[in-house]
Amino acid sequence: MAPQHLPSTRVAPLGLLLGLLVTSCFTFCLSCRNSDFALTNTEKNIHKESETKEAREEELDTEVLEVFQPTHEWQTLQPGQAVPAGSHVRMNLQTGAREVKLQQEDKFQTNMKGFKKGKRLDINTNTYTSQDLKDALAKFKEGAETENSKDEQARQATVKQLFRPIEELKKEFDELNVVLETDMQIMVRLINKFNSSSSSLEEKVAALFDLEYYVHQMDNAQDLLSFGGLQVVINGLNSTEPLVKEYAAFVLGAAFSSNPKVQVEAIEGGALQKLLVLLATEQPLSAKKKVLFALCSLLRHFPYAQQQFLKLGGLQVLRSLVQEKSAKVLAVRVVTLLYDLVTEKMFAEEEAELTQDSSPEKLQQYRQVQLLPGLREQGWCEITAQLLALPEHDAREKVLQTLGALLATCRDRYRQDLQLSRTLGSLQAEYQALASLELQEGEDEGYFRELLASINSLLKELR
């Protein structure tokens with residue numbers, strides 16, 4: 001019997017199915033065979049990559065990059081160069097190169113900022129070690145000390161050439177019998193010489209002359225008081241020698257000036273009475289000048305002394321002094337003293353009103369000084385007006401000031417004084433001419449114009 005064959009339409013699908021089955025079995029077997037190999041290869045690749053990465057990091061850590069030192073100008077940054085922290089980096093769009101420069105703050109501040117952030121400072125560690133730096137610093141200090149020592153030795157040598165040691169000077173002074181004295185010791189020695197009965201007139205006058213130089217200083221004048229020297233000089237006003245009186249008054253005038261402590265002791269020591277006696281009696285003109293100087297120094301800024309001056313008849317003494325023909329030169333000094341005393345009291349009262357202090361001690365003392373009534377009673381309104389006839393411009397200026405200060409007290413008497421009106425009119429014409437000359441010469445503030453203004457003001461008040 002002949003074999004039977006399957007139809008061709010059924011054979012094709014079976015072949016396709018068989019091919020797919022064989023392919024699947026082959027793939028499964030292959031995957032099972034290579035599974036271990038594939039897992040092992042993956043782990044090895046990962047391990048190898050890890051080792052490579054660590055090696056690169058170690059190379060980066062150990063490698064010292066070339067650090068570029070930027071400035072405040074843009075510079076091109078080469079590949080592989082590092083820049084300090086805080087630098088300003090940009091890309092030049094025209095050339096494609098990177099450029100770097102410092103920011104506004106200086107490089108040191110930039111590096112310090114990088115250090116605070118934990119970044120690497122701009123230090124080339126391969127150049128110097130810490131020991132090298134320590135050695136260099138030690139050598140630098142040694143060199144500086146050596147130079148300073150040499151400079152100091154040179155300076156000392158120069159000083160020794162210019163100056164001599166104090167021990168050597170003292171030794172020479174001792175050999176010459178020269179003693180270095182303080183001002184206090186000198187004043188004691190001068191007072192002893194003046195007070196010694198064995199001293200000649202010339203020695204006494206010389207001692208007083210030298211003493212006047214020292215007592216100008218306030219502390220020295222008070223030292224003179226402390227060891228009794230002031231009273232010795234006050235007693236010298238009783239001397240029979242005119243020169244001793246003159247120079248004793250000269251010393252007292254210097255010691256009294258602006259020195260309240262000495263002024264008080266002088267009043268208690270009887271200086272005021274002795275000075276007034278000398279002015280009231282016949283004395284050389286040079287002596288009276290110095291006595292008047294001492295009196296002015298004692299009275300100024302000392303209201304208690306001014307009270308005693310009025311009680312002792314001081315205004316009468318000064319009036320007699322001004323009326324002496326031989327003492328006309330003292331008239332301006334007397335008028336100046338009176339002007340100072342009047343204005344001093346006025347200023348004290350004005351100051352008390354401004355400060356609203358109605359009972360300060362010094363103001364009470366000034367209020368007890370009846371100076372203006374005393375001047376009116378003693379005829380100083382007329383005496384002052386007569387002194388306006390003095391020829392000197394400086395004397396006229398001081399008299400005009402005093403007339404103005406006494407105007408409130410002497411207004412009625414000034415108006416009745418026809419001679420005063422004629423004198424003021426004559427002076428007005430004289431100073432108008434002199435003021436015109438000043439204007440022609442281009443003087444902005446003329447002396448004669450000021451005098452003319454005072455005369456015009458006084459004439460206006462007397463109309």
Side-chain angles (χ1 to χ4, degrees), residues 218 253 256-268 271-272 275-276 292-319 322 331-385 387-388 396-415 417 420 450-451 453-463:
M218 182 177 293
F256 296 160
S257 296
S258 302
N259 204 330
K261 186 176 181 180
V262 178
Q263 288 175 323
V264 171
E265 294 295 331
I267 287 291
E268 295 178 356
L272 180 60
L275 292 173
L276 291 176
L292 183 60
F293 163 64
L295 179 64
C296 294
S297 300
L298 182 60
L299 296 181
R300 284 190 175 99
H301 306 291
F302 191 11
Y304 178 76
Q306 296 172 20
Q307 295 178 37
Q308 300 302 313
F309 169 75
L310 295 177
K311 290 179 180 180
L312 294 173
L315 290 178
Q316 295 92 321
V317 173
L318 294 182
R319 182 183 62 184
V322 170
V332 177
R333 300 186 184 186
V334 172
V335 169
T336 303
L337 171 61
L338 297 178
Y339 172 78
D340 291 342
L341 297 181
V342 171
T343 55
E344 181 183 311
K345 182 179 179 180
M346 292 172 55
F347 291 152
E349 294 175 349
E350 291 177 0
E351 183 180 0
E353 292 178 359
L354 292 175
T355 57
Q356 297 181 353
D357 191 356
S358 58
S359 59
E361 181 180 355
K362 196 167 188 179
L363 178 61
Q364 293 298 325
Q365 293 179 1
Y366 275 117
R367 286 177 176 173
Q368 295 175 9
V369 179
Q370 302 299 318
L371 178 62
L372 289 175
L375 291 172
R376 181 181 174 89
E377 292 175 2
Q378 296 295 327
W380 280 97
C381 298
E382 294 78 9
I383 294 173
T384 307
L387 293 176
L388 197 59
R396 292 173 180 176
E397 179 187 9
K398 290 181 171 57
V399 173
L400 285 171
Q401 291 176 346
T402 307
L403 289 174
L406 298 177
L407 184 61
T409 303
C410 303
R411 188 187 302 271
D412 57 338
R413 297 195 179 184
Y414 288 165
R415 288 175 176 173
D417 192 341
L420 175 61
E450 293 180 0
L451 291 180
S454 299
I455 294 172
N456 292 335
S457 176
L458 191 58
L459 286 172
K460 183 179 179 180
E461 293 290 338
L462 297 180
R463 289 174 185 172

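Counting only distance, with no hydrogens or angles, the side chain of S297 and the backbone of F293 share a donor-acceptor pair below 3.5 Å. Remark: the backbone N or O of E461 is paired with a side-chain donor or acceptor of R415 at under 3.5 angstrom. Formation of a donor-acceptor pair under 3.5 Å by the R319 side chain with backbone atoms of G379 is not found in this model.
The nearest pair of heavy atoms linking D340 to R300 is OD2-NH2, 2.7 Å. Summarising the geometry of F256 relative to A266, their closest heavy-atom pair is CE2-CB, 3.2 Å, with the distance given to 0.1 Å. For the pair D417 and A385, the tightest heavy-atom approach, listed with the atom from each and the gap, is OD2-CB, 3.8 Å. Here the shortest heavy-atom pairing between L276 and G314 reads CD2-CA, 4.2 Å. L315 and F309 get closest at one heavy-atom pair: N-CZ, 3.8 Å. When all heavy atoms are compared, the tightest approach of Q316 to Q378 is CG-OE1, 3.1 Å.
Evaluation of the side chain to side chain donor-acceptor pair (under 3.5 Å) test over residues 399-410, restricted to residues two or more places apart or in two chains, returns none.
In this structure, the side chains of M346 and L372 stay at 4.5 Å or more apart for every pair of heavy atoms. By the 4.5 Å heavy-atom criterion applied to side chains, V335 and I383 are not counted as neighbours.
The only option from T384, T336, V332 that meets the side-chain contact (heavy atoms from CB on, under 4.5 Å) definition with V399 turns out to be T384. Each of L272, L299, L298 was compared with Q308 under the side-chain contact (heavy atoms from CB on, under 4.5 Å) criterion, and only L272 meets it.
How far CD of E450 is from CG of L400: 12.0 Å, rounded to the nearest 0.5 Å. The CG atom of L403 lies 10.5 Å from the OG atom of S454; values are rounded to the nearest 0.5 Å.
Checking Y366 against E344 by side-chain atom types alone, a donor-acceptor pair falls below 3.5 Å.
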